[in-house]
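What follows is one structure encoded as structure tokens, with my remarks underneath.
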Amino acid sequence: MKTFTGKLLRINLNASTYREEEIPDRYYKEFISARGLSVKYLYDELKANLDPLAPENKLIMSIGILGGTGLQGFSKWCVASKSPLTGTVFRAITGGNFGVWMKFAGYDLIIIEGKAHRPSYVHIDRESVSFLDAEDFMGLDPRQLQRRLKEKHGPQTESVCVGIAGEKLVRYAAISSGERTASRGGMGMVMGSKNLKAVSINVPIRKQTPFDKTKFHHLVKQQISILRDHPRRKNMTSIGTPYLTTVMDGLGILPFKNFQEGTIQNIDEISGDEFYKLKKLKAGCYQCMTRCGGMREVSEGPLGGTQIDGPEYETVYAFGPLLGILDKAFIINANALCDYYGLDTISTGVCIAFAFELFEKGIISASDTDGLELSWGNKKAAFSLIEKIAKRQGIGYLLGEGTKRAALDIGINSDHFAMQIKGLELPAYEPRAIKGYALSMATSNIGGSHMYGRPRDEFSGKVDRFTEKGKGASIAHVQKAQAVEDSLIACVFGNSGLDFQKYSELLMAATGINEFADTDNLLKIGERIICLERCFNVREGFRRKDDSLPKRMTSEPLRNAGSSTGQVVKDLDTLLDEYYQALGYTNEGVPTIEKLKDLGLDETIKEIHGQ
Ligand code: SF4
């Protein structure tokens, strides 16, 4: 009895075949599940320097070891692959019901390989896995498509799919699931490149039984009672992540006009409270009483007249201050348009902000932009660009490549305005105003992500956020902890009140695996996961030079940012040296042989060190 299935489903699209495989117990002990297991399979099965769009690239969908058990906020799912945006290993985590349906079907992982000969989708039911024609589904948006799949395969069907952006191979196309999206890193582009429009599941509910049922159910009850009164949970349930808008603005951390400034006049117009007023219904993921989402009405675009779950804080940033726009309705409409096409809202907004700044600086003009006046605050132009990006039309073709590739193509110093790390567009946190985050994003093995390790002590003021010295060990620690949480898929917004001691108790009761009894060992697993991710990237040629920041962060003092005004990252080298030292990496950011042995990653030594 245990809460994981011990099995994966391997789907080959070239041959329209599938098979079940056992996942060795050792893998759970060493990598837990989800993100951890995904990097293990990706490292072992992908050859170095593989084109992310080649059929040999793999897409791995997974659910956490505690998902679907009644525990609240642990039922999201993860998709991992080699990213076409960054060229690194990648994972995106999202909500919806799909992950739990995977587990009901009997799988912790689905590995999708090959490329279908024609547009296809895969349907999983009680009896078999079917490879079906998706020609009629092409061009459908995720919402319509998921409805059609329910009509065809039954109302209990849960699915994941790509929209037009995935079909058209936008480098930051998302994978949609219910009202949520696995947005970042172009996982939807990988799916689109495989001619795979959707994966659907309709199976009877089949729950796993915890190892120690009584203890586990006691812990779940305890969690529910903690959550009921937890202030953070209450705040998330009512306002959700947009509450961060005024908090970050107050700290000078919320980027304005493509990271040129750090606070915004009249920010209250797009505060969490303002978005709260527009909330029609609560929304959220399977087995989550936090339900941080909210349905809001869309007034313009193809989803006009309907309601969407959103916007999150990141989307408020990407279609608000980043573009010089303070208009709630526009932000909701832009969010809906990205959902309709299946686009990552962060990368889309940052690519548009990049184009706006190039226009401001005279590097591009209306003759390059299909006649659009890309001036700050121009909502019409921004809306039009979303559509062009999704369809890869006109300037949208170039912007659909992401800021890193677009800057290389444009030249003329345009890379100075590309707000990306390793090709991944930056989230809503100004690195100059919080140096631990600058280091965490610079060293993240998936590029400029805010979800690779959050320096909470710097936000709370426990640690000085402007100091650069002494950050290496703490950032190494939060990255290890995040790797554990992503491998359990403990939702960062829905896990209020839980700590590593509680994770350990839950894992023990759920699985009976003794290795999970020790919280230090849990952190060691986290370290193993980020180390193997780094090995994947090292094998691809990534080194210290890639652990970098946009030039603006190291050369331009931050303007108009309240207490953060004048901040700049002065000494990234020292930050990196300390971080590498804390993790046992060489000066070049490569794990040493000793470290690989210590983490039980001996099989990587030959490829990483040639011995
Ligand atoms: S807190 Fe929000 S994102 Fe997290 S599991 Fe709950 S509803 Fe989903």
Side-chain angles (χ1 to χ4, degrees), residues 11-14 16 42 46 50-61 77-87 90-92 94 96 98 110-123 131-146 148-149 159-177 180-200 337-348 351 386-393 396-402 405 423-425:
I11 291 173
N12 187 299
L13 296 170
N14 290 335
S16 300
L42 287 174
L46 295 191
L50 175 76
D51 176 357
L53 302 183
E56 292 78 18
N57 194 9
K58 305 193 183 196
L59 198 60
I60 303 184
M61 297 170 179
W77 64 281
C78 172
V79 55
S81 190
K82 180 176 178 183
S83 163
L85 189 62
T86 62
F90 207 91
R91 60 98 183 105
T94 189
F98 183 80
I110 298 178
I111 301 182
I112 300 170
E113 47 197 36
K115 176 179 179 175
H117 301 297
R118 43 188 294 120
S120 302
Y121 75 102
V122 170
H123 180 67
F131 295 80
L132 301 165
D133 191 289
E135 205 70 65
D136 286 353
F137 293 158
M138 299 309 274
L140 288 185
D141 71 278
R143 206 181 251 189
Q144 272 181 305
L145 177 54
Q146 291 179 78
R148 290 271 289 273
L149 289 166
S159 54
V160 295
C161 62
V162 293
I164 289 174
E167 292 175 25
K168 297 277 183 193
L169 304 184
V170 177
R171 280 199 190 264
Y172 41 90
I175 296 179
S176 304
S177 167
R180 303 265 163 161
T181 50
S183 299
R184 309 232 65 199
M187 298 297 95
M189 186 195 202
V190 176
M191 191 159 161
S193 76
K194 295 186 172 304
N195 258 337
L196 184 64
K197 181 72 176 165
V199 178
S200 56
L337 197 59
C338 287
D339 288 356
Y340 178 82
Y341 287 122
L343 282 169
D344 173 20
T345 55
I346 299 178
S347 282
T348 305
C351 285
I386 296 172
E387 188 172 354
K388 283 176 180 293
I389 288 169
K391 296 182 176 169
R392 305 216 66 167
Q393 289 171 342
Y397 184 87
L398 189 60
L399 295 179
E401 288 289 277
R405 285 176 177 79
L424 188 71
E425 282 71 29

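Numbers here simply count residues along the sequence, with the first being 1.
Looking at P119 and F137, their side chains never come closer than 4.5 Å, going by heavy atoms from C-beta outward. Proximity of Y341 to T348: side-chain heavy atoms (C-beta onward) are nowhere separated by under 4.5 Å. Side chains of V170 and L343 form a contact here, defined as non-hydrogen atoms less than 4.5 Å apart. Between I11 and F131 the shortest side-chain heavy-atom distance falls below 4.5 Å. Using a 4.5 Å heavy-atom cutoff, the side chains of I164 and M138 are not in contact. Using a 4.5 Å heavy-atom cutoff, the side chains of C351 and Y172 are in contact. Between W77 and V160, the closest side-chain pair of non-hydrogen atoms falls below 4.5 Å. With a 4.5 Å cut-off on side-chain heavy atoms, R184 and E425 count as touching.
The distance from atom OG of S176 to atom OH of Y340, rounded to the nearest 0.5 Å, is 12.5 Å. In this structure, the separation between CG on L53 and NZ on K115 is 9.0 Å, given to the nearest 0.5 Å. Interatomic distance, Q144 CD to C161 SG, rounded to the nearest 0.5 Å: 10.5 Å. Atom-to-atom distance recorded for S83:OG and M189:CE is 9.0 Å, nearest 0.5 angstrom. How far CG of L42 is from CG of L50: 10.5 Å, rounded to the nearest 0.5 Å. Note that CG of L59 is 10.5 Å distant from CD1 of I111, once rounded to the nearest 0.5 Å.
S200 is linked by a side chain to side chain contact (heavy atoms under 4.5 Å, CB included) to Y121, H123, L149, H153, T157, S159, counting only residues two or more places apart in sequence or in another chain.
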Report task. Mind running side-chain contact (heavy atoms from CB on, under 4.5 Å) on K82 and D51 for me, showing each step along the way? Result -> CA-CA 9 Å; K82 180 176 178 183; D51 176 357; over 6 Å; no
Query - Step-by-step side-chain contact (heavy atoms from CB on, under 4.5 Å) determination, L13 to E113 - result: CA-CA 6 Å; L13 296 170; E113 47 197 36; over 6 Å; no
Requested in this report: Take I112 and K58, measure what side-chain contact (heavy atoms from CB on, under 4.5 Å) needs, and give me the verdict at the end.
Outcome: CA-CA 6 Å; I112 300 170; K58 305 193 183 196; over 6 Å; no
Requested in this report: Take V190 and N57 through the test side-chain contact (heavy atoms from CB on, under 4.5 Å) and record every step on the way to the result.
Outcome: CA-CA 8 Å; V190 176; N57 194 9; 4.0 Å; yes
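A distance-only check finds no donor-acceptor pair linking the side chain of S120 to the backbone of A134 [under 3.5 Å]. Remark: the backbone N or O of P142 is paired with a side-chain donor or acceptor of Q146 at under 3.5 angstrom. Not a single donor-acceptor pair under 3.5 Å links the side chain of R405 to the backbone N or O of G400.
The minimum heavy-atom distance linking C338 with I386 is given by the pair SG-CG2, 4.1 Å. Taking each heavy atom of A182 and V79 in turn, the nearest pair found is CB-CG1, 3.6 Å. Here the closest heavy-atom approach between residue M187 and residue A92 is recorded as CG-CB, 4.2 Å. Between G96 and S177, the closest heavy-atom pair is CA-OG, 3.9 Å. Minimum interatomic distance between R392 and Y397 (heavy atoms only, all atoms of both residues): NH2-O, 2.7 Å.
Looking at I389, L85, L399, D344 one by one, the single match for side-chain contact (heavy atoms from CB on, under 4.5 Å) with R171 turns out to be L85.
Other residues, nucleotides and ligands contribute at most 12 non-hydrogen atoms within 6.0 Å of the NZ atom of K168.
For residues 188-199, every residue pair satisfying the side-chain hydrogen bond (donor to acceptor under 3.5 Å, both in side chains) rule, not counting sequence neighbours, is listed here: E167-K197.
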